[in-house]
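Structure record follows, encoded as structure tokens.
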Amino acid sequence: RIDGALDIEALSSSFKEIVNRHEVLRTVIKSEDGVAYQEVMPADAWSLEVVRLDSTTDMESLLHSYVSIPFDLSSDYMVRMCLYDPGDGSYILAGVIHHIASDGWSEDVFVQELGVLYSCYSQGKTSDLAALPLQYIDYALWQRKYIEGDVLEAELSYWQDQLADVTPLALPTDYPRGSVRSTAGLRHEFELDRELSASLQDVCKEEGVTLYMLLLAAFKVLMHRYSGQEDICVGTPIANRTQEETQGMIGFFVNTLALRSDVGSVATFQEFLQQVKGTTLAGQDHQHAPFERIVDLVVDTRDMSMSPLFQVMFLLQNKMGSKDLALDGIEISAYDEYDRGLSNFDLTLIVDEGETHISFDIEYCTDLFTEAT
């Protein structure tokens, strides 16, 4: 939601410059004689859509419809933006970026560049952003050359040993699991107070672990308590930006790790925490193996009712160093009325680490769980 004297032309120019800077946002996939190839479209044809609304508009339905429009990977830009004008002096800005061209880190890059560019264009100045040293295609070519042969075999061998005969997590559900995995979902939010957040940080220092490791260990114990299982495998995304040149790039770099623990092999939580620490560090050391290759290697028979290797995901987002969207002279706030209504897994625990508080989102599959659960 945007309140204030918005310079729509400056906003449109800012978006177009981001699309121009990052070729991955305008790369489409075409084919000839059954062979796929990529083509980079010109940035000039991209535009910010502006829609005038009246007082009868159902904003939530309109946003759901806009976000749900599928991408044609052979002809569409990988990002679309629409500015809705209700005519009351405020605006609603909706944006969708295809996951094939973006990840969570990319969203921060996008927001930070938008703030810099809007400040420049609204004052009639030229862009202050330095040219990118590389494009995503340069990284993709490096990855295909580097992650092969002995390097790839060593990483895949580690995951094959780590995930052999992994047990699916059978949480008690409110509704029977269907034959095909559902992606219908909602989120439940809660926050830890300042005192508890600070005490968790103290535990991290005492045990020599990160907050991510501590909360992941606690989450796995919780999954153990509810499932009765000792073999607990949880998925987690990893940024996979190990080169400095990739820090300011938009693109799909993120990989997925399946971190497996044996809750029954230790006597105390402290011992289990150290086990989780070791597994996490080892997983990060072998983060380059594509998750899809690991699934193909480890999973013999796919069960269409659940995701392979793990059914719950855990991720921590550190917001202390990131920037919220800020445009000169304009008040920006999240449009809280919108919920995307999706859950890619049975459960996903999303942790936001702030300066003084730790907040949580539990994304859950509504075809398996009630909100009360």
Side-chain angles (χ1 to χ4, degrees), residues 15-46 70-81 95-114 129-159 235-258 283-298 308-309 313 315 344:
F15 282 133
K16 183 169 287 189
E17 176 61 22
I18 293 173
V19 173
N20 183 57
R21 282 173 55 79
H22 299 275
E23 290 183 357
V24 69
L25 296 178
R26 47 194 175 93
T27 299
V28 296
I29 303 172
K30 297 183 178 293
S31 64
E32 185 174 332
D33 298 328
V35 178
Y37 65 94
Q38 296 184 52
E39 183 176 291
V40 180
M41 300 191 297
D44 294 344
W46 189 94
F71 284 84
D72 184 339
L73 298 183
S74 67
S75 60
D76 291 342
Y77 290 91
M78 295 300 104
V79 56
R80 62 175 180 264
M81 292 284 168
V96 186
I97 308 178
H98 198 292
H99 213 341
I100 200 173
S102 179
D103 53 23
W105 188 300
S106 299
E107 293 175 11
D108 286 340
V109 173
F110 194 103
V111 166
Q112 291 176 30
E113 290 192 352
L114 177 60
L129 294 175
L132 292 171
L134 296 172
Q135 290 290 333
Y136 182 76
I137 190 173
D138 299 311
Y139 167 80
L141 291 172
W142 169 85
Q143 185 187 48
R144 294 188 67 176
K145 182 179 179 180
Y146 176 71
I147 309 299
E148 62 179 5
D150 293 341
V151 174
L152 180 59
E153 289 302 318
E155 298 229 343
L156 290 175
S157 177
Y158 167 81
W159 290 110
T236 190
I238 189 165
N240 205 25
R241 296 181 184 240
T242 54
Q243 293 84 18
E244 184 179 354
E245 294 83 359
T246 64
Q247 306 299 300
M249 294 168 58
I250 291 175
F252 184 79
F253 294 86
V254 69
N255 198 13
T256 301
L257 305 182
Q284 292 172 352
D285 288 340
H286 297 86
Q287 66 179 274
H288 292 296
F291 181 69
E292 295 79 9
R293 293 289 301 273
I294 297 171
V295 172
D296 292 340
L297 181 67
V298 175
L309 298 182
M313 176 167 272
L315 62 143
N344 291 323

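Position 1 is the first residue of the sequence, and the numbers go up from there. Note that these values count all heavy atoms, side chains included, but never hydrogens, waters or copies made by symmetry.
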Derivation of the side chain to side chain contact (heavy atoms under 4.5 Å, CB included) call for Leu129 and Arg21: CA-CA 10 Å; Leu129 294 175; Arg21 282 173 55 79; 3.6 Å; yes
Start with the C-alpha gap between Tyr158 and Asp285, add the side-chain angles, then the distance that decides, and say whether side chain to side chain contact (heavy atoms under 4.5 Å, CB included) holds. CA-CA 10 Å; Tyr158 167 81; Asp285 288 340; over 6 Å; no
Derivation and outcome, side chain to side chain contact (heavy atoms under 4.5 Å, CB included), residues Ile100 and Ile29: CA-CA 11 Å; Ile100 200 173; Ile29 303 172; 4.1 Å; yes
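Within the 4.5 Å cutoff, the side chain of Ile137 has no heavy atoms near those of the Thr27 side chain.
Of all heavy-atom pairs between Leu156 and Leu297, the closest is O-CD2, 3.5 Å. Taking all atoms of both residues into account, the shortest heavy-atom contact from Glu245 to Leu134 is CB-CD1, 3.6 Å. The two residues Met249 and Arg241 make their nearest non-hydrogen contact at O-NH1, 2.7 Å. Scanning all heavy atoms of the two residues, the minimum distance from Gly251 to Val24 falls at CA-CG1, 4.3 Å. Smallest separation of non-hydrogen atoms from Lys16 and Trp46: CE-O, 2.8 Å. When all heavy atoms of Glu23 and Gln135 are compared, the pair lying nearest together is N-OE1, 2.9 Å.
In this structure, Trp105 contributes its side chain and Asn240 its backbone to no donor-acceptor pair below 3.5 Å. In terms of modelled atom types and a separation under 3.5 Å, the side chain of Lys30 and the main chain of Ser74 share a donor-acceptor contact. Under a 3.5 Å cut-off, the side chain of Asn255 and the backbone N or O of Gln287 do form a donor-acceptor pair. Under a 3.5 Å cut-off, the side chain of Arg26 and the backbone N or O of Met41 do form a donor-acceptor pair.
Atom CG of residue Leu114 and atom CD1 of residue Ile18 lie 5.0 Å apart, to the nearest 0.5 angstrom. Atom CG of Leu257 is separated from atom CZ of Phe291 by 9.0 Å, given to the nearest 0.5 angstrom. Atom CD of Glu292 is separated from atom OG1 of Thr256 by 7.5 Å, given to the nearest 0.5 angstrom. Of the inter-residue distances, the one linking Leu132 atom CG with Glu113 atom CD reads 6.5 Å to the nearest 0.5 angstrom. Going from atom CG of Asp103 over to atom CD1 of Ile238 covers 12.0 Å, rounded to the nearest 0.5 Å. Distance OG1/Thr242 to CD/Gln247: 9.0 Å, rounded to 0.5 Å.
Relative orientation of the Phe71 and His98 rings is perpendicular, given thresholds of 30° and 60° on the angle between their planes. Using cut-offs of 30° and 60° for the angle between ring planes, the Tyr136 and Tyr139 rings count as tilted.
Counting heavy atoms of neighbouring residues, nucleotides and ligands inside a 6.0 Å radius, atom CD of Glu148 exceeds 12 of them. Within a 6.0 Å sphere centred on CG of Asp150, other residues, nucleotides and ligands contribute 12 heavy atoms or fewer.
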